[in-house]
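When a ligand or atom number is given, it counts from 1 through the structure's own listing order.
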Amino acid sequence: MEKLNLLVLSDDLDLRIEIKNLVADEDFAISGYSGFTAEGKTKTVNKYPEIVLCAIRGDVPDTVFSFVQDLLTVARGMIAILANDKINVELVNKAAQYGIRKVLPIDGIGQEEFSQSIKTVYELERQRVLDTNEGKKVRCKAIGFFGGKGGTGKTTLATGVAAQLARAGKRVMLLDLDLQFGDVLMALDLDTKNSIVDLVQDRGGITIENINGFSVEHSTGMSVLCAPKSSEYADFVTAEHVEKIIDIMRPYYEYIIIDLPSSFNDTTITACENCEEIFLIYNNEMLSLNNAKVCYTILDQLHQREKIRIVINKAEKSLVKSEDFEEMFQMPVFATVPADYSAALLSINKGQAITVAQPKSTAAKEIARMAEKIISIHTGIEPVKDKPEKKKLFFKKS
Ligand SMILES: Nc1ncnc2c1ncn2[C@@H]1O[C@H](COP(=O)(O)OP(=O)(O)OP(=O)(O)O)[C@@H](O)[C@H]1O
Ligand SMILES: [Mg+2]
């Protein structure tokens, strides 16, 4: 094991010596000592140790917590540990809130146990980073499923695509931001009482630990953060919450799939602004076409036009063709999912994503292809081509 650089922060000179003795281990190299001062901050940032060990006897003042928090924002990846002689639950919780990974006792602990505890924290943190996008060197893509018209299939497609991405081994978070009438919980028959409201109201704040705690794992492996069960809780979730949740999730997921309502409001707009792509889900009929025009104009005014991808769902023989959408948006339609009422009904009744409940249905196959296309664009790797469909979609102009 390479030596771990450790910097000791303490205003108490005697305590610095005590700490030095406690970490007298061949795996550590003490890179310096300083106090909770401007000099201490500069020293830490310049030396950029793997671990900063803050030692204090007695009550830990709030200024120390904010000092550590500041340090961690400039020295990302550094681990902060607190050594104290008055450890209690409140202190441990508060320390966690400020990003301190462990609180160790100063008294009644041997040198070996003290050093080993630090090494364990370091090893766990290293493993955690390896599991994130940062460690795997992949970027996260957030995709919103939107459209200003109800019932076009936003939830069906968001759940179907998310399930397919997860089945392809991707780390996926499905976020239900239809805060008033979100039905992902029912659509996937999920067993949880927790929702996004519990997350934003938790005293621990919006942290990745709380996001994990309040989301539920689906059988495909994806995580799902549900909308509140009752619409009166919708207002508890603000645009700021939405931005923070997406931001905090990013390092941990390759795809954040967001199911949105069919209306513009603060949270929807913020979600769109924080997505890389906005899939507008429409049906090939006149009202959809009309609504798409309005939606396009609003998203354009919000400077979100570049993110728009058009998806036609429940495609059927109709006077309105996908070409009409292409002409209106001046871009090719991203995917066309045929109408398949029996598969859609079975999926709802089983409480499974359509790609799981009815994988062989025409709609599910197209949704699976959509997921492949998303991965291919994101990774730059061409999907494996399967046999071409014999049947042409009859509503497309030949
Ligand atoms: N390709 C399809 N073929 C047939 N029926 C479909 C298809 N896609 C979705 N449906 C059905 O259309 C209905 C509405 O779908 P869904 O709930 O996904 O729409 P939505 O846009 O999320 O609605 P809302 O605006 O209420 O959130 C559901 O009954 C669903 O099973
Ligand atoms: Mg919906």
Side-chain angles (χ1 to χ4, degrees), residues 143-164 174-190 195-196 218 224-231 234 237 257-265 267-268 271-272 275 278-285 287-292 294-295 309-318 320 322 325 333-371 389 391 393-396:
I143 305 175
F145 282 67
F146 185 53
K149 200 175 169 301
T152 55
K154 297 177 287 296
T155 303
T156 307
L157 264 52
T159 50
V161 164
Q164 282 310 110
L174 174 59
L175 178 56
D176 191 349
L177 283 186
D178 185 351
L179 298 170
Q180 278 197 309
F181 303 112
D183 47 12
V184 167
L185 180 118
M186 253 181 60
L188 296 180
D189 191 24
L190 297 167
S195 78
I196 188 168
H218 182 251
V224 186
L225 185 57
C226 294
K229 281 204 180 119
S230 179
S231 59
V237 183
I257 302 295
I258 309 178
D259 189 17
L260 291 163
S262 49
S263 59
F264 279 103
N265 55 39
T267 48
T268 311
C272 288
C275 281
I278 305 165
F279 281 64
L280 292 184
I281 316 298
Y282 281 109
N283 307 140
N284 61 319
E285 42 83 26
L287 293 180
S288 270
L289 189 61
N290 226 6
N291 190 286
V294 180
C295 224
R309 312 280 178 266
I310 309 293
V311 176
I312 310 297
N313 184 36
K314 303 191 205 180
E316 295 191 275
K317 190 169 185 177
S318 160
V320 178
S322 57
F325 285 86
V333 160
F334 186 90
T336 301
V337 180
D340 194 334
Y341 294 100
S342 63
L345 188 66
L346 236 143
S347 142
I348 292 288
N349 289 343
K350 277 185 164 178
Q352 290 176 342
I354 192 165
T355 49
V356 175
Q358 290 285 286
K360 294 208 163 85
S361 66
T362 51
K365 280 187 187 163
E366 199 48 44
I367 295 171
R369 251 195 293 274
M370 236 179 112
E389 287 280 309
K391 220 167 89 180
L393 286 169
F394 46 77
F395 74 93
K396 274 230 173 201

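- Where the criterion is an N or O separation shorter than 3.5 Å, residue side chain and backbone included, K149 fails it with respect to ligand 1.
- In summary, T156 places no N/O/S atom under 2.8 Å from the Mg ion (ligand 2), failing the contact criterion.
- The shortest N or O to N or O distance between G151 and ligand 1 is under 3.5 Å.
- Contact annotation for N313 and ligand 1: only side-chain heavy atoms (C-beta onward) come within less than 4.0 Å of the ligand.
- Neither the backbone nor the side chain of I281 comes within contact range of ligand 1; no heavy atom lies under 4.0 Å.
- At a distance under 4.0 Å, a protein heavy atom can be found next to atom 19 (O) of ligand 1.
- Listed by atom number, the atoms of ligand 1 under 4.0 Å from T155 heavy atoms are 18 (O), 20 (P), 22 (O).
- For atom 5 (N) of ligand 1, the nearest non-hydrogen atom of the protein is A344 CB, 3.3 Å.
- Aromatic rings from F279 and F334 are positioned such that their centres are separated by under 6.0 Å.
- A side-chain donor from one of T155 and D259 sits under 3.5 Å from a side-chain acceptor of the other.
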N/O donor-acceptor pairs under 3.5 Å from side chains in residues 342-360, not counting sequence neighbours:
from, atom 1, to, atom 2, distance (Å)
S347, OG, Q352, O, 2.8
T355, OG1, G160, O, 3.4
T355, OG1, Q164, OE1, 3.2

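- Between D340 and ligand 1, an N or O atom pair is found at a separation short of 3.5 Å.
- Checking T156, D178, I348 against atom 27 (O) of ligand 1, the nearest heavy atom belongs to D178.
- Under 4.0 Å from ligand 1, the heavy atoms of P338 that appear belong solely to its backbone.
- Residues passing the side chain to side chain contact (heavy atoms under 4.5 Å, CB included) test with K314 are N283, A339, Y341, sequence neighbours excluded.
- Considering backbone and side-chain atoms alike, G153 places an N or O below 3.5 Å from some N or O of ligand 1.
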